[in-house]
Student: 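Take a look at this one; I'll ask things after.
What you are looking at is a predicted structure, and each value in this text was computed from that prediction instead of being measured.
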Amino acid sequence: MTVRFPPLFNHQVYPPRLQAEMLALGARVSRPHLGIIIATMTLAVSLDKVSSPLLAGWYLFAILTSLGGFLFRRRFWRIDAEHPDPHRLRNGELQGFAYSAAVGLLWGVSGLLMTPGDDEHNLILTIIYLGVGAGAGSIAIFGLGHMLIGAILSSLLFVSRFPVVFPEHWQLLATLFLLYHFVIVRMALERRDVIAQNMRLREDKEALLEQQAIEVARTKQANQDKSAFLAAASHDLRQPVHAVMLLGHALRLRVRDGESGELVEKILEAGHALSEQFNNLMDLSRLEGGAYRLNFTRLGLEDFLQRLCATHRQAAAAHDIRLRLRIDDRLRRQALYSDTGLLGRILDNLLANAVKFSTAGGHILVTARIRRGHVILAVLDQGRGIPPDQQENVFKPYVQLDNPTRDRSRGIGLGLSIVQEAASLLGARICLHSEAGRGCRFELDLGELVLEPLDESRPIGFRPKPLPSPGNLTGKRLLLVEDDPMAAAALIAWAGNWGLTVEHHADPKTVPGSAEPDLILCDIRLPGHQDGIEHLTDWLAEWPGARGLLLSGELSPETHERAEQEGLILLSKPVNPDLLLQTLNGLLRAAA
């Protein structure tokens with residue numbers, strides 16, 4: 001039967017990196033200067049008790065041992081744990097082993113300083129030895145071999161003096177001393193194992209953090225790639241949707257009655273649904289990808305809510321649903337600061353959902369109130385409601401309850417996802433209270449906002465211009481700069497229906513200096529080094545009487561910021577033809 005001894009050195013147990021860390025830690029916790037101090041104390045209490053040559057030799061040995069400890073500590077306390085050298089680690093363990101042996105030999109030999117019959121002096125030396133033995137437990141970090149060599153040398157040499165110094169009780173004292181050393185060694189080794197385990201846990205944690213950083217970088221890169229893909233793909237995808245909307249609008253002006261007129265209306269409805277769903281996808285991507293930049297402005301809450309409700313009241317009436325607004329008296333004629341676009345998007349989606357999923361003859365109530373200092377906006381409906389076990393799911397993308405056939409007239413399930421993402425960006429909290437068959441109450445907690453009385457002399461957010469009449473476009477000259485043939489053909493057909501004379505150029509370099517149009521409609525992405533913003537700025541400076549408008553399929557916030565800095569109006573494709581018509585009329589009226 002073979003007997004297996006436990007490993008004596010760290011290199012037999014631990015990987016190089018952990019071995020290097022333990023060697024460095026052992027070097028740092030070693031205290032050679034304490035050895036000199038304690039040896040000096042021992043010298044002081046033994047000056048008149050021990051022969052001078054023995055005491056001088058012992059003290060010289062203590063100084064040499066401490067110097068060796070200083071050299072060992074200096075060499076290994078900053079060892080490179082990231083790229084450990086196995087050969088240097090082995091040398092470090094051997095040098096540490098030699099240092100432990102020297103320390104054990106030093107204090108084992110200190111038993112020779114005890115003198116028979118002088119119990120007081122012997123007791124002091126024994127106490128010093130016991131203290132050194134307890135403190136020497138720190139060398140266990142070097143390994144079992146280091147601890148054993150120090151303990152064995154010191155205990156055997158020190159105890160060997162007991163029969164001379166304590167002739168009556170030396171057996172009992174020797175047994176107690178050996179037991180003491182056993183306990184010290186056992187505790188020191190357990191402490192070493194705990195330290196090693198903590199180091200391993202720290203390494204595992206660092207590895208997990210490193211892996212997490214890699215995954216975060218991958219996710220960030222994936223989001224950047226997704227954003228780049230969407231930026232490129234959305235421009236190309238928006239063009240045909242934009243063309244369908246314009247051509248359908250132009251066709252409606254020519255075919256108004258009969259079965260053909262109904263078909264045109266259905267085409268326009270499909271185009272509007274496609275445009276809405278496409279914009280929802282783009283909005284969700286921008287919000288999730290962090291591409292949206294907050295723009296806080298001052299807005300009048302009552303006016304803001306009234307206008308939002310007005311935009312949905314006609315759709316609600318078409319479904320025989322009554323839409324009402326109730327505002328706390330403390331919020332009337334009050335202004336607050338928020339991102340008007342995000343806040344409007346949240347309430348638009350909540351109102352659109354309430355209209356879609358409410359039953360005929362029902363009511364929708366929009367409320368604004370203050371609760372515990374927080375501004376709370378809520379949308380309540382009398383629809384089918386949402387069971388408690390499904391309420392978390394409705395905020396996930398593409399989830400729709402009670403729509404197994406995927407009826408596109410009821411959207412594609414992105415509205416509440418956008419609501420949640422937008423609320424998060426605003427620092428607000430969206431809550432859903434509902435029961436099956438008893439409707440829904442969506443509450444938007446805007447937090448503790450600072451309200452101030454509304455000053456009509458100061459500008460507020462969300463004050464759209466009144467709808468312009470389309471009758472002042474006839475005979476006006478429109479310069480169209482658009483490199484996409486499909487979008488250009490649709491715009492030419494649409495503009496012709498309103499009496500505009502269109503001059504089209506696919507390349508901005510071909511635009512003649514004698515054009516002098518009344519209106520300029522320009523795409524952003526054009527051939528050449530300059531984009532539509534730069535070209536339109538130059539043309540407006542060249543023809544002061546002209547008014548310009550940008551159309552863009554770009555998602556980049558920088559593009560919108562540049563247009564705003566130049567004072568240019570930018571409409572995103574696919575643009576609503578009615579909005580385009582109103583904008584062109586507004587530009588002409590502003591020039592008049």
Student: As a quick check of understanding, evaluate side chain to side chain contact (heavy atoms under 4.5 Å, CB included) for Leu536 and Leu550, giving each step before the final call.
Tutor: CA-CA 8 Å; Leu536 183 56; Leu550 292 166; 3.7 Å; yes
Student: Taking atom CD of Glu206 as the centre, does the number of heavy atoms from other residues, nucleotides or ligands within less than 6.0 Å exceed 12?
Tutor: yes
Student: Using atom types as modelled and distance alone, determine if a side-chain donor or acceptor of Asp531 lies under 3.5 Å from a backbone N or O of Ile524.
Tutor: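 Pair absent, no side-chain N/O of Asp531 close to backbone of Ile524.
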Student: If you look at every heavy atom in Ala546 and Leu540, which pair is closest and at what distance?
Tutor: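 Closest pair (atom of Ala546, atom of Leu540, distance): O-CD2, 3.6 Å.
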Student: Using modelled atom types and a 3.5 Å cut-off, is there a donor and acceptor pairing between side-chain atoms of Ser434 and backbone atoms of Gly439?
Tutor: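 A pair under 3.5 Å: yes.
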Student: Would you say that Val366 contacts Leu308 through its side chain, given a criterion of any heavy-atom pair below 4.5 Å between the two side chains?
Tutor: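 The answer is no, as the side chains (C-beta and beyond) never meet within the 4.5 Å cut-off.
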Student: For Val481 and His535: C-alpha separation, side-chain torsions, deciding distance, then whether side chain to side chain contact (heavy atoms under 4.5 Å, CB included) applies.
Tutor: CA-CA 10 Å; Val481 185; His535 284 297; over 6 Å; no
Student: Measure the CG-CH2 distance between Leu581 and Trp498 for me, rounded to the nearest 0.5 Å.
Tutor: 5.0 Å
Student: Pair Glu561, Gln565 - check side-chain hydrogen bond (donor to acceptor under 3.5 Å, both in side chains), show working.
Tutor: CA-CA 6 Å; Glu561 288 179 4; Gln565 291 172 358; 5.0 Å; no
Student: By salt bridge (charged side-chain N to carboxylate O under 4.0 Å, His left out), which residues pair with Arg369, not counting sequence neighbours?
Tutor: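 Only Glu443 meet the salt bridge (charged side-chain N to carboxylate O under 4.0 Å, His left out) criterion with Arg369.
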Student: To the closest 0.5 Å, what do you measure between CD (Gln420) and CD1 (Ile346)?
Tutor: 10.5 Å
Student: Could you give me the CA-CA distance, side-chain angles and deciding distance for Phe357 and Asp381, then say whether side chain to side chain contact (heavy atoms under 4.5 Å, CB included) is met?
Tutor: CA-CA 9 Å; Phe357 300 106; Asp381 64 55; 6.0 Å; no
Student: Which heavy atom of Ala506 sits nearest a heavy atom of Asp483, and at what distance?
Tutor: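 In terms of heavy atoms, the two residues are closest at O-CB, 3.5 Å.
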Student: In Å and rounded to the nearest 0.5 Å, what is the CG to CG distance from Leu568 to Leu549?
Tutor: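 Between Leu568 CG and Leu549 CG, I get 9.0 Å after rounding to 0.5 Å.
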Student: To the nearest 0.5 Å, how far apart are CD1 in Ile364 and CZ in Arg322?
Tutor: 12.0 Å
Student: Any idea which heavy atoms bring Leu347 and Phe304 closest together, and the distance?
Tutor: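 Result for this residue pair: CD1-CE2, 3.9 Å.
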Student: Should the heavy atoms of other residues, nucleotides or ligands under 6.0 Å from CZ of Arg429 be counted, would the total exceed 12?
Tutor: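 No, not enclosed.
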Student: Are the side chains of Glu534 and Arg562 in contact, using a 4.5 Å heavy-atom criterion?
Tutor: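 Yes, at least one pair of side-chain atoms sits under 4.5 Å.
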Student: Is there a donor-acceptor pair closer than 3.5 Å between any side-chain N or O of Arg326 and the backbone N or O of Leu365?
Tutor: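 Between the backbone of Leu365 and the side chain of Arg326 there is no qualifying donor-acceptor contact (under 3.5 Å).
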Student: Is the shortest heavy-atom distance from the side chain of Asp523 to the side chain of Asp484 under 4.5 Å?
Tutor: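 Heavy-atom side-chain distance check fails, nothing below 4.5 Å.
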Student: So, using side chain to side chain contact (heavy atoms under 4.5 Å, CB included) as the criterion, who are the partners of Ala495 when residues are at least two apart?
Tutor: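 Residues passing side chain to side chain contact (heavy atoms under 4.5 Å, CB included) with Ala495: Leu478, Leu500, Val502.
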Student: For the atom pair CG (Leu331) and CG (Leu336), what is the distance rounded to the nearest 0.5 Å?
Tutor: 8.0 Å
Student: What's the verdict on side chain to side chain contact (heavy atoms under 4.5 Å, CB included) for His312 and Asp348, showing C-alpha distance, side-chain angles and the deciding distance?
Tutor: CA-CA 8 Å; His312 291 271; Asp348 266 332; 2.7 Å; yes
Student: Which atoms form the tightest heavy-atom contact between Pro577 and Trp494, and what is the distance?
Tutor: O-CZ2, 3.6 Å
Student: Is any side-chain heavy atom of His505 closer than 4.5 Å to one of Pro512?
Tutor: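 Counting from C-beta outward, Pro512 and His505 do come under 4.5 Å.
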Student: Could you check whether any side-chain N or O of His363 sits under 3.5 Å from a backbone N or O of Gln382, counting only pairs where one atom can act as donor and the other as acceptor?
Tutor: no
Student: Is Arg332 atom CZ crowded by more than 12 heavy atoms from other residues, nucleotides or ligands, each under 6.0 Å away?
Tutor: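 Enclosed: over 12 neighbouring heavy atoms sit under 6.0 Å from CZ of Arg332.
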Student: Nearest heavy-atom pair of Ser358 and Ile321: which atoms, and what distance?
Tutor: CB-CD1, 3.5 Å
Student: Do His319 and Val355 have side-chain heavy atoms sitting under 4.5 Å apart?
Tutor: yes
Student: So does Asp518 get a backbone contact from the side chain of Trp543, meaning a donor-acceptor N/O pair under 3.5 Å?
Tutor: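 Side chain of Trp543 to backbone of Asp518: no pair is present.
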Student: Side-chain contact, heavy-atom cut-off 4.5 Å: Leu350 with Ile430?
Tutor: yes
Student: How about Asn353 and Val379: do any of their side-chain heavy atoms sit closer than 4.5 Å?
Tutor: no
Student: Report the distance from atom CG of Leu444 to atom NE2 of His374, rounding to the nearest 0.5 Å.
Tutor: 12.5 Å
Student: So, using side chain to side chain donor-acceptor pair (under 3.5 Å) as the criterion, who are the partners of Asp328 when residues are at least two apart?
Tutor: Arg330
Student: Is the shortest heavy-atom distance from the side chain of His504 to the side chain of Leu480 under 4.5 Å?
Tutor: yes
Student: Which atoms form the tightest heavy-atom contact between Lys476 and Leu588, and what is the distance?
Tutor: CG-CD1, 3.9 Å
